[in-house]
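Given the structure is predicted, the values throughout are model-derived calculations rather than measurements. Position 1 is the first residue of the sequence, and the numbers go up from there.
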Amino acid sequence: MQAPPEEPPPAKKFSFPSALTVLAVVTVAIWLLAFLVPAGQYDRNDSGAPVAGTYHRVEGTQSFTDRLNDLFLSPVNGLYGLQDPKTGQVGPTFSGDLYGSAGVFLFVLAIGAFITVVFATGALDRGIARLAHRLRNRGALLIAAVMVVFSILGTVEGFAEETLGFYGLLVPMMLALGYDRMVAVGASILGAGVGVMCSTVNPFATGVASSAADISLGDGIGLRFLMWIVLTTVTVLYVIRYARRVQKDPSKSICGFLPGDREQKATGDEEVEPELTGLHKTVLVLLVLVFAFMIFSVVPWSSALTGKADATPYAWELDWSFAQLAALFICAAVLIGLVARMGEAKLSSTIIQGAADFISPALVIMLARGVTVIMNNSKITDTVLHSIEGVVKGTSSGIFAIIVFLVNLPLAFLIPSTSGHATLTMPILAPLADFAGVSRALMVTAWQSASGWMNLWVPTTAVTIGGVALAKVGYDKYLRFVWPLLGILFVLICGFLALGAAM
């Protein structure tokens with residue numbers, strides 16, 4: 001008997017490389033480019049910022065062996081490279097200020113440990129589930145409440161991937177209210193996404209970018225907070241408007257209904273309300289207090305309240321940076337573990353697991369910083385700045401801020417990691433802000449707006465692709481649903497950037 005012909009193997013689908021892979025390729029590309037770009041530098045003022053119009057060529061002093069050594073040590077230099085005050089070179093054996101990202105690296109691991117300990121208590125997901133259940137008969141209020149909570153978590157701690165765990169709750173609840181699955185997708189992706197896009201103190205976006213721009217995490221928080229209020233309101237109203245339209249006329253649904261979806265309306269109210277224990281309430285209070293204290297510790301209150309950038313700090317201002325914040329979240333993780341009576345073994349393993357879960361963004365920050373070390377040691381950073389300094393000349397500060405937003409849109413697609421994108425681009429964007437006469441904090445806002453706007457829809461993010469898959473909604477249908485909102489947010493962001501430049 002003749003054997004059946006073998007079926008050809010299925011064609012492999014293209015998958016976008018990870019941020020680590022992208023940055024590894026970028027590292028090699030920049031290293032090769034440094035052989036072609038001439039070395040040069042600006043004169044610096046007392047604060048270390050480049051002075052416009054003072055660029056001049058300098059002679060490169062690195063041999064091929066030196067350059068090869070920089071490539072080999074780039075991850076190490078990106079973590080704890082020290083900058084020699086005389087030569088400006090960065091290396092692990094020099095004496096001088098820390099140039100690497102060790103402080104931010106540890107901060108990311110610390111907040112990862114803290115968040116994981118909080119989730120291990122079950123308080124956060126149980127609290128959100130209880131909120132959703134109590135509002136299950138008030139559709140618009142339920143959508144608004146869930147989206148605002150997700151947005152708050154997004155703006156303070158980068159809450160995004162965590163939304164994937166709530167689809168099992170939100171999808172049947174939205175169907176029971178007469179909505180479609182797209183409402184659950186919009187509430188999850190857009191609720192958390194708009195919070196991240198308008199990050200106020202989100203350590204993985206605003207924190208990393210502020211560190212790379214050499215400014216405080218609290219600088220520019222006023223504008224970002226105003227953006228968060230307005231853009232979150234617009235996004236919530238957009239989802240509610242669609243939900244009401246579908247509820248009134250199911251034929252208006254963009255994604256349609258799967259078999260059994262319409263029948264869930266009769267049984268959606270029979271679920272038992274999730275219980276919120278005393279422990280859960282205590283943990284939620286501690287969570288709010290920790291993030292509130294973080295905001296208090298990083299905001300430059302004297303400048304914020306007087307409107308003067310050089311105002312003398314108040315005696316009670318903490319002016320904390322990443323070292324103190326890392327210690328804060330490590331202590332907070334231990335405190336919550338003790339309150340939850342986890343025990344030494346479970347608490348230790350949970351903290352270790354949390355740090356391990358966040359090692360990827362930490363490594364991305366390290367690799368991206370290593371790229372800037374290569375540019376610094378080959379003395380091409382100022383040459384790159386000089387090549388685009390002409391764009392700044394004659395351009396109003398508002399237009400310049402919008403240009404920065406536009407330039408970062410394709411970069412956000414190529415480097416989907418917010419941490420890596422910030423570490424890679426902010427060392428160049430921040431001095432450009434000095435040339436344009438705008439604050440570095442506005443550059444951080446323009447950058448994070450571009451990154452957040454792209455992450456609302458690009459297929460390279462797990463939040464978007466994973467969300468539509470869990471809700472069983474086609475990605476193409478999600479794009480149809482979200483594109484009008486993207487246009488509205490685009491215009492609003494440009495308006496806020498222009499306003500920030502004028503302030």
Side-chain angles (χ1 to χ4, degrees), residues 17-31 33-34 67-84 89-94 96-116 158 161 202-215 217 321-327 329-330 351-378 381 411-412 414-430 444 447-448 451:
S18 68
L20 291 172
T21 303
V22 171
L23 284 173
V25 173
V26 169
T27 301
V28 176
I30 294 297
W31 182 76
L33 188 65
R67 291 175 182 265
L68 196 61
N69 188 57
D70 275 350
L71 177 63
F72 179 64
L73 290 177
S74 61
V76 177
N77 284 329
L79 183 61
Y80 64 89
L82 301 174
Q83 187 168 35
D84 185 278
Q89 295 287 294
V90 176
T93 59
F94 294 146
D97 294 332
L98 178 66
Y99 190 91
S101 57
V104 183
F105 184 94
L106 180 59
F107 174 56
V108 169
L109 299 186
I111 197 170
F114 171 75
I115 292 171
T116 303
E161 286 85 354
N202 171 13
F204 306 106
T206 314
V208 174
S210 298
S211 173
D214 197 24
I215 60 174
L217 177 60
S321 188
F322 292 100
Q324 295 89 345
L325 292 177
F329 282 105
I330 291 173
I351 289 176
I352 293 172
Q353 182 60 50
D357 290 343
F358 282 72
I359 193 67
S360 177
L363 289 175
V364 164
I365 293 169
M366 179 186 73
L367 285 181
R369 191 62 170 171
V371 175
T372 66
V373 171
I374 291 176
M375 297 178 65
N376 175 83
N377 287 357
S378 59
T381 303
L411 291 176
L414 294 174
I415 308 175
S417 165
T418 55
S419 304
H421 182 191
T423 309
L424 193 63
T425 59
M426 287 312 299
I428 294 177
L429 294 178
V444 171
W447 164 81
Q448 71 178 35
S451 178

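- Partners of Ser101 according to the side chain to side chain donor-acceptor pair (under 3.5 Å) rule, which considers only residues two or more places apart in sequence or in another chain, do not exist here.
- Considering only residues two or more places apart in sequence or on other chains, Ala209 meets the side-chain contact (heavy atoms from CB on, under 4.5 Å) condition with Ala422, Met426, Val444, Trp447.
- When every heavy atom of Thr116 is checked against every heavy atom of Gly354, the shortest pair comes out as OG1-CA, 3.0 Å.
- Remark: Ala355 engages Leu109 in a side-chain contact (heavy atoms from CB on, under 4.5 Å) (not counting sequence neighbours).
- Under a 3.5 Å cut-off, the side chain of Ser74 and the backbone N or O of Leu71 do form a donor-acceptor pair.
- Across Leu98 and Leu79, no two heavy atoms sit closer than the pair CD1-O, 4.3 Å.
- In this structure, the ring pair (Phe, Tyr, Trp, His ring centres under 6.0 Å) partners of Phe358, at least two apart in sequence or on a different chain, are Phe204.
- Scanning all heavy atoms of the two residues, the minimum distance from Ala212 to Thr423 falls at CB-CA, 4.3 Å.
- Counting all heavy atoms, side chain and backbone alike, Pro92 lies closest to Asn77 at CD-OD1, 2.9 Å.
- Annotation for Phe107 and Pro203: closest pair CE2-CB, 2.9 Å, computed over non-hydrogen atoms.
- Counting heavy atoms from C-beta outward, Leu325 and Leu217 have side chains that approach closer than 4.5 Å.
- Counting only distance, with no hydrogens or angles, the side chain of Asn377 and the backbone of Val90 share a donor-acceptor pair below 3.5 Å.
- Side-chain contact between Asn202 and Gln448 is absent, with no heavy-atom pair separated by less than 4.5 Å.
- Phe105 pairs by the ring pair (Phe, Tyr, Trp, His ring centres under 6.0 Å) definition with nothing, not counting sequence neighbours.
- Partners of Ser378 by side-chain contact (heavy atoms from CB on, under 4.5 Å), not counting sequence neighbours, listed by chain and number: Ala34, Gln62, Arg67, Ile380.
- Considering only heavy atoms from C-beta on, Leu23 comes within 4.5 Å of Leu424 through its side chain.
- Remark: Thr93 engages no residue in a side-chain contact (heavy atoms from CB on, under 4.5 Å) (not counting sequence neighbours).
- Annotation for Leu82 and Gly96: closest pair CD2-O, 3.9 Å, computed over non-hydrogen atoms.
- Each side-chain hydrogen bond (donor to acceptor under 3.5 Å, both in side chains) pair with one or both residues in residues 353-375, not counting sequence neighbours, appears once here: Gln353-Asp357.
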For the pair Asn376 and Gln83, evaluate side-chain contact (heavy atoms from CB on, under 4.5 Å) and give the outcome as yes or no after the intermediate values.
-> CA-CA 10 Å; Asn376 175 83; Gln83 187 168 35; 3.5 Å; yes
